[in-house]
Amino acid sequence: MALEAEAKHMVAQFEYTAEDVNKGVKEFIREMEEGLEKQGTSISQIPTYVTSVPNGTEKGVYLAVDLGGTNFRVCSITLHGNQSFSLQQTKVAVPRALMEAKTAHELFSFLAKQIESFLKAHHMDHFETHKNKPGEVEFFDLGFTFSFPVNQVGINKGRLMRWTKGFNIEEAIGQDVCGLLQKEIDALNLPVRVAALVNDTVGTLMARSYTSPGKTSTLIGAIFGTGTNGAYVEKLERVKKMKAIDEAEGGVPNYDSSTGLMVINTEWGSFDNALSVLPNTQYDIDLDRESVNPGIQMFEKRVSGMFLGEILRRALLSLYKHPDAGVALFKDTSSLDNDIRSTTTVADDSPLFKTWGIDTSFLSIVEEDHSDHLRITKQTLEKDLKVEAASTEDCVAVKMLVHAIGKRAARLSAVALAGVIISTNKLQEDEIVDVGVDGSLVEYYPGFEEYIREAFREIEGIGEDEKRIRIGLAKDGSGLGAALIALVAHNADQSM
Ligand code: BGC
């Protein structure tokens with residue numbers, strides 16, 4: 001029981017109470033509003049130059065690529081104009097070495113080569129005609145989903161502010177990422193024009209608007225996956241800093257201001273970098289210190305998939321190293337009466353001892369486990385962490401910690417969503433507030449949405465109205481969304 005008591009004590013450190021949630025929402029709204037007024041704030045509130053959302057009647061064939069974390073996807077999307085679409089795609093893992101390459105060329109030429117292979121596989125005629133009779137074929141418009149903080153200055157132009165999610169290519173910072181990709185596409189002589197720069201959250205918002213049922217337009221697109229972030233539809237007049245941005249870019253707005261709307265990429269991963277309201281355990285502190293970007297993305301580091309496994313690993317490790325062997329995890333030496341048990345062993349090369357060794361999928365499996373004696377957790381510990389013959393007591397402790405870390409992440413996610421919903425006054429304006437979500441956490445972590453909803457009900461300004469918030473999965477929405485933005489960009493170009 002000593003282990004369970006110790007685990008309980010650790011779990012208490014991850015508790016994020018209703019009072020904390022409400023404090024969080026107030027600060028979130030304050031930082032959102034500050035971000036609309038000036039540049040260089042904790043929540044960046046980046047204007048995306050997207051000023052309308054689709055309604056499902058759009059048509060055409062578009063290319064989209066998506067760089068946002070572990071994989072790079074290339075797809076072509078055919079919009080049928082009746083809220084439906086078809087999609088062909090390929091996906092490759094981004095080699096680890098390229099995530100931390102010396103030059104931007106190394107990464108972006110890899111991306112262009114994937115586009116070339118995709119065209120050869122799926123649009124060979126187009127590809128060949130362009131090679132043989134240049135000028136005869138139309139260029140494909142491509143939506144580039146690039147899911148990192150970018151200071152956008154036009155629909156297909158934006159300078160990288162900083163890398164996140166383990167990427168770190170110093171040379172690319174400050175450069176226009178569309179220009180970097182176009183240069184490599186041109187070097188391969190491909191009939192492709194980078195027409196739109198899209199954050200995955202904006203893509204998710206667009207995709208959800210295209211496919212969502214009924215007349216209600218979508219307010220938020222949010223990702224809870226490897227990283228976390230949200231984009232939402234803001235009233236242009238509230239984006240106070242827009243005037244200064246327009247002036248810096250030549251004085252005339254290079255977007256359609258007639259809708260009175262602007263989609264804003266919040267980059268909420270950097271909410272409260274100053275840690276004035278975010279929870280902060282020793283595990284959070286240590287993780288941040290050893291990350292590639294200490295002091296930034298502090299919200300993301302408590303919420304998203306890339307980090308939850310690492311928080312858990314650190315918590316488990318500290319329990320494993322507990323000085324009192326009677327309390328420590330995976331140190332079961334008891335041979336119960338009449339029951340000869342093998343002693344728990346943790347292999348020397350166990351991922352438990354390696355930074356980033358635990359994947360979020362581990363948390364999802366353990367959270368889901370309701371088997372007798374947590375048999376599934378036991379097996380997963382063996383398979384994923386090379387822990388042999390963990391006792392049921394060990395598994396109970398692991399499960400308690402998993403639950404605490406996952407639930408805290410969901411409650412923090414509620415803070416961000418509620419912040420946007422309250423700040424935009426949408427519950428007062430509309431009957432239903434629609435939110436499109438994507439990412440491995442919302443999709444696979446058991447109960448994630450329910451924990452978000454539970455927190456919503458505790459928030460002043462939402463409470464019972466939680467029922468009027470509709471959350472829908474926009475699976476792989478960023479590909480479709482990027483195509484939709486490429487379409488908007490194409491149309492805007494034609495009408496100029
Ligand atoms: C990036 C965002 C992105 C989010 C989800 C974060 O790390 O900063 O731009 O939207 O991850 O992929």
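Counting starts at 1 for both ligands and their atoms, following the listed order. In what follows, every heavy atom counts, from backbone to side chain, and hydrogens, waters and symmetry copies are set aside.
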### Query
Would you say the side-chain atoms of D176 pair up with the backbone N or O of R159, donor to acceptor, closer than 3.5 Å?
no
### Query
Is S304 reaching over with its side chain to a backbone N or O of T226, donor-acceptor style, under 3.5 angstrom?
yes
What is the closest protein heavy atom to [atom], and at what distance does it sit?
atom                    : answer
atom 11 (O) of ligand 1 : K165 NZ, 3.0 Å
atom 8 (O) of ligand 1  : E267 OE1, 2.8 Å
atom 12 (O) of ligand 1 : D200 OD2, 2.6 Å

Per-atom contacts, ligand 1 versus [X] - under 4.0 Å to a heavy atom:
X    : answer
N229 : 2 (C), 3 (C), 4 (C), 9 (O), 10 (O)
T164 : 1 (C), 6 (C), 7 (O), 8 (O)
T201 : 10 (O)
P149 : 8 (O), 9 (O)
Q297 : 7 (O), 8 (O)

### Distance-only N or O hit between ligand 1 and N199, under 3.5 Å
yes
#### Entry: Distance-only N or O hit between ligand 1 and N265, under 3.5 Å
no
#### Entry: NZ or CZ of K165 within 45° of F148 ring axis and under 6.0 Å
yes
Decide whether [X] and [Y] meet the rule of one side-chain donor and one side-chain acceptor closer than 3.5 Å.
X    : Y    : result
Q114 : T90  : no
E267 : N265 : yes
R238 : T424 : no

### Message
Regarding atom 1 (C) of ligand 1: of the candidates G68, S147, S44, which has the closest heavy atom?
### Response
S147
### Query
Evaluating non-hydrogen atoms only, which member of E300, M306, K301 is closest to atom 6 (C) of ligand 1?
E300
### Message
Taking the basic N atoms (NZ, or NE/NH1/NH2) and the acidic carboxylate oxygens, is any pair closer than 4.0 Å for K235 and E429?
### Response
yes
### Query
Are any of the heavy atoms in G269 under 4.0 Å away from ligand 1?
no
### Message
If you count heavy atoms of other groups shown closer than 6.0 angstrom to CD of E170, is the number above 12?
### Response
no
### Task
Sort out for me which residue in T218, D434, D438 forms a side chain to side chain donor-acceptor pair (under 3.5 Å) with R208.
D434
